[in-house]
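Report on the following structure.
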Amino acid sequence: MNAVLKTFLSMSVSGGLLILTLLLVKRFLKDKISRQWQYYIWLVVVLRLLLPFGSEVNLLGKTYQAVDQAISQAAPLPQQQQPPRNATGGNLAPAVGAERYNETVNNPADDVTTARPLQDIGTLFIDHIWLAWLIVALGLLIRKITIYQGFIRYINAGLTPVFDIGLLDRLSIAAKQSGIKKPIELCINPLVSSPLLIGFFHPCIVLPGADIPEKDFRYIILHELTHYKRRDMFYKWLVQITVCLHWFNPFVHLMSREITKACEFSCDEAVLAKIGNGNAQDYGKTLLDAMAAVGKYKENLGAVTLSENKQLLKERLCAIMKFKKKSTAIRFLTGVLTLCVILGAAFVGVYPTAAAANQPSGKHSVSGGQNSTQVGTGEKSSKDYSSLAEQYYDAGSLPLFEITFPRLDENAQKKWLEKLYADGDFAFFSVSVRWLDTNSALFTGFAEKAYADEKTAFFSILIDCMDEMELELWLDRALEDGNWAFQSMLFNRLDRNDEHDELKEKQEKEWVEAQAAEYRAVGVTMDGKDYYYAGRLVNIFLDIRPNKSVYTLNMNPKGTVHIKIVRDGENKITGVSYMTESEVIELLGDMDEPDDNTGMEIIPVDFKTAAAGETISLGEYNLSDGDEISYNISAKTGNRMKVFFAKDGQEDVAYWSVNNLRQPGEPLKCIADFTVEPPMAGTYRLYLQAPDGALGNVRGSVSIAPAGAF
């Protein structure tokens with residue numbers, strides 16, 4: 001089931017428990033505690049229904065743990081036969097309903113030749129039931145908004161503004177006494193059944209008629225102004241949104257009706273507190289007169305009215321006649337009740353808190369020399385679980401694979417981790433290593449392997465399971481090795497980015513100085529962006545690294561010679577040579593043609609393969625305002641390719657990004673042009689990424705042309 005829907009259902013259960021509790025409290029304390037408290041305390045329940053908050057230890061968390069433990073121990077995994085075989089003897093994976101990286105695995109041949117297991121159909125239904133919930137919720141919300149808009153149009157069509165100076169003055173005085181500075185309109189519509197307030201931001205009090213006694217007018221105005229000052233319309237719509245989202249929960253509908261009643265009771269209480277208990281009888285008579293008004297249109301949920309149905313009116317009149325200010329003891333009791341309700345809302349909890357308590361943290365105790373992940377094995381052998389793990393992996397069922405992995409013995413776990421590592425399967429690798437003890441040889445071995453292979457994606461998964469001491473040890477090693485990519489990752493994990501930036505700036509300065517020193521050693525000097533060799537200004541300067549990871553090309557039309565740096569297989573500069581005319585033509589074309597590429601830097605891209613999910617750095621570059629960036633890269637195999645610039649250590653924030661998906665019958669290419677605009681100038685690192693499967697035979701280049709070069 002979708003994790004968001006699980007969380008939402010747990011919020012609905014939590015809210016339902018709070019609703020039942022408050023209804024029970026109301027039954028015993030209805031006439032003893034403040035009506036305003038009975039109105040506003042429902043806000044705690046509304047927030048419980050809308051926000052996934054909860055304490056670390058909570059009721060639903062314990063319930064989730066108990067249920068999960070019972071399922072794991074009593075029936076850890078369903079008994080299943082070996083999957084059926086096709087004509088060629090290969091296993092047919094249960095493809096329907098299985099997910100990998102949130103994408104459905106669907107084999108057309110299996111659709112035709114095999115019958116899908118009932119459990120997979122059930123899984124498919126459960127995984128997509130959230131769509132039905134969302135469609136119904138949106139439909140209900142749209143319906144309520146449409147009805148409200150129709151109601152407002154109807155009211156506005158029959159509105160007549162009041163121009164009676166006396167009525168407007170009394171309205172203005174009442175608003176000022178209520179602390180309302182915003183102008184309130186006063187209108188008449190004979191079709192409404194009772195006075196009401198409409199308008200969220202432009203409030204308007206609507207009366208059935210203007211011939212209202214002065215005392216009744218004052219009470220009506222005070223009542224509606226109280227609604228406006230308390231923002232009751234916003235409260236009502238917040239409740240309606242909650243009802244739409246929790247349409248399947250009958251307790252939420254019951255809560256909505258209780259809030260509607262509590263709104264009027266609390267408003268009456270607020271008005272009586274202003275006018276005094278001695279005017280309660282007159283205020284009650286005003287309600288009766290309002291109920292007797294003839295109207296042809298029933299008020300909508302978005303408006304706040306003076307009267308409701310006869311049963312509610314009767315209850316309100318009784319409450320008005322019994323009104324008296326609450327004692328200090330009662331106010332203390334309501335304060336205690338409020339604290340209890342808030343703490344209860346947090347204690348009930350929601351699904352994420354419960355799930356977190358049962359999720360593998362990467363640290364499990366070791367008992368008797370065996371990894372504690374060997375739990376709940378039941379009657380199945382490790383061989384049985386290996387078979388199930390194979391089935392779930394082929395089907396792409398990440399949750400079932402995660403349940404199965406800790407039941408494997410250490411040797412089987414090692415084989416699976418090696419397979420996942422070789423396949424470049426980050427998702428399955430991630431849920432697997434989190435069951436390992438970080439002190440185990442298996443965990444340590446894969447950390448060493450990922451570091452040695454420079455697999456940053458796999459290493460980032462592993463460091464998420466490490467404690468601070470282990471991270472510090474790895475950082476010391478990365479600093480000693482000068483491994484920049486791993487340094488960046490570890491500094492970020494330790495939340496020491498400022499220290500990383502200082503180190504980066506220092507290393508960049510040292511690198512520039514070292515590069516200039518290498519050039520000087522073979523007779524090439526630099527003056528800003530100009531290069532000199534043998535006392536002559538260089539026209540074309542070319543420096544290609546052996547692995548072609550960086551391609552530096554600088555051109556100065558005032559120069560008179562063309563040179564290239566000669567490097568050995570270990571990237572050491574061994575000398576300088578003059579470029580022949582054929583080399584210049586091969587690099588840039590016929591030099592007799594107009595040269596528009598002055599100062600252009602070309603970065604070649606040449607990879608046999610880029611592993612699935614791998615992000616490859618193509619070097620760091622200074623970009624200035626007006627610089628022109630051009631991408632022209634293609635891949636022979638692969639589904640998707642992304643090329644972008646990013647700040648070092650912030651690969652998740654891309655600039656000038658191209659992210660293309662292979663189209664049927666077409667090559668996979670990233671071709672685009674960008675202009676660096678203020679305030680984007682600065683130092684960036686260029687990356688190529690394989691976000692969806694491995695890429696093969698990646699070829700092309702990225703060029704950076706200074707402003708005005710074209």
Side-chain angles (χ1 to χ4, degrees), residues 456 484-485 487-488 491-492 497-498 500-516 519 526-531 538 540-545 547-557 565 587-588 595-607 615-633 641-660 669-689 691 698 700-710:
T456 55
W484 182 256
Q487 289 176 28
S488 174
F491 271 120
N492 183 64
N497 290 321
D498 291 341
H500 173 242
D501 292 340
E502 293 177 2
L503 179 63
K504 172 188 169 184
E505 184 177 351
K506 178 183 177 181
Q507 289 180 342
E508 286 178 347
K509 184 177 180 180
E510 292 175 352
W511 184 88
V512 171
E513 292 175 352
Q515 185 69 80
Y519 287 156
M526 297 176 59
D527 183 7
K529 291 187 177 182
D530 295 334
Y531 291 83
V538 176
I540 298 177
F541 175 84
L542 179 64
D543 184 5
I544 305 177
R545 272 58 172 180
N547 59 2
K548 299 185 179 180
S549 60
V550 180
Y551 192 135
T552 303
L553 174 66
N554 182 274
M555 300 183 64
N556 188 333
I565 300 295
L587 179 66
L588 300 177
D595 181 11
D596 294 329
N597 296 329
T598 303
M600 177 185 291
E601 188 170 15
I602 299 177
I603 304 100
V605 179
D606 188 359
F607 300 101
T615 300
I616 301 172
S617 172
L618 301 177
E620 194 170 68
Y621 305 93
N622 292 318
L623 301 178
S624 304
D625 294 339
D627 284 357
E628 297 288 337
I629 302 171
S630 295
Y631 298 135
N632 187 356
I633 304 173
M641 178 168 54
K642 181 178 180 181
V643 186
F644 61 100
F645 283 84
K647 293 290 187 181
D648 194 19
Q650 302 178 15
E651 294 84 46
D652 55 334
V653 182
Y655 300 89
W656 307 289
S657 172
V658 181
N659 189 351
N660 285 348
K669 290 185 176 182
C670 283
I671 299 177
D673 296 310
F674 298 92
T675 301
V676 179
E677 298 179 351
M680 302 305 295
T683 302
Y684 295 85
R685 189 168 287 275
L686 178 61
Y687 295 95
L688 184 144
Q689 189 178 81
V698 184
S701 64
V702 178
S703 63
I704 305 172
F710 293 99

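Atoms considered below: every heavy atom in the structure, side chains included; atoms not considered: hydrogens, waters and symmetry mates. Since the structure is predicted, the reported quantities are computational estimates derived from the model, not experimental observations.
For the pair S703 and I603, the minimum side-chain heavy-atom distance is 4.5 Å or more. In this structure, D627 and T675 have side chains that are not in contact, with every pair of non-hydrogen atoms separated by 4.5 Å or more. Contact check for I633 versus F607: no side-chain heavy atoms found under the 4.5 Å cut-off. Between E677 and D625, every side-chain heavy-atom pair lies at or beyond the 4.5 Å cut-off. Between L688 and M641 there is a side-chain heavy-atom pair separated by less than 4.5 Å.
Closest heavy-atom contact between A681 and S624: CB-CA, 4.0 Å. Nearest heavy-atom pair, S617 versus R685, reported as atom, atom and distance to 0.1 Å: OG-NH1, 3.0 Å. Nearest heavy atom pair, residue N660 against residue C670, reads ND2-CA, 3.6 Å. Taking each heavy atom of A646 and Y655 in turn, the nearest pair found is CA-CD1, 4.2 Å.
Using a 30° and 60° split on the angle between ring planes, F645 and Y621 fall in the perpendicular class, above 60°.
Between the side chains of N632 and S701, no donor-acceptor pair of N or O atoms lies under 3.5 Å.
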| request: Go through the steps to decide whether E628 and I704 satisfy the test side chain to side chain contact (heavy atoms under 4.5 Å, CB included), and finish with yes or no. | output: CA-CA 6 Å; E628 297 288 337; I704 305 172; over 6 Å; no

| request: Show your reasoning for whether side chain to side chain contact (heavy atoms under 4.5 Å, CB included) applies to Y519 and I565. | output: CA-CA 8 Å; Y519 287 156; I565 300 295; 3.9 Å; yes

| said: Run the side chain to side chain contact (heavy atoms under 4.5 Å, CB included) test on M680 and L623 for me, step by step, so that the C-alpha distance in whole Å, both residues' side-chain angles and the decisive distance to 0.1 Å come before the verdict. | reply: CA-CA 8 Å; M680 302 305 295; L623 301 178; over 6 Å; no

| request: Dump the intermediate steps for side chain to side chain contact (heavy atoms under 4.5 Å, CB included) on I540 and N554, then the final yes or no. | output: CA-CA 6 Å; I540 298 177; N554 182 274; over 6 Å; no

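The one candidate from I671, D673, L686 that meets the side-chain contact (heavy atoms from CB on, under 4.5 Å) condition with Y631 is L686. With Y684 as reference, W656 is the one residue of W656, F644, F674 to meet the ring-ring contact (aromatic ring centres under 6.0 Å, His included) rule.
Other residues, nucleotides and ligands contribute over 12 non-hydrogen atoms within 6.0 Å of the NZ atom of K642.
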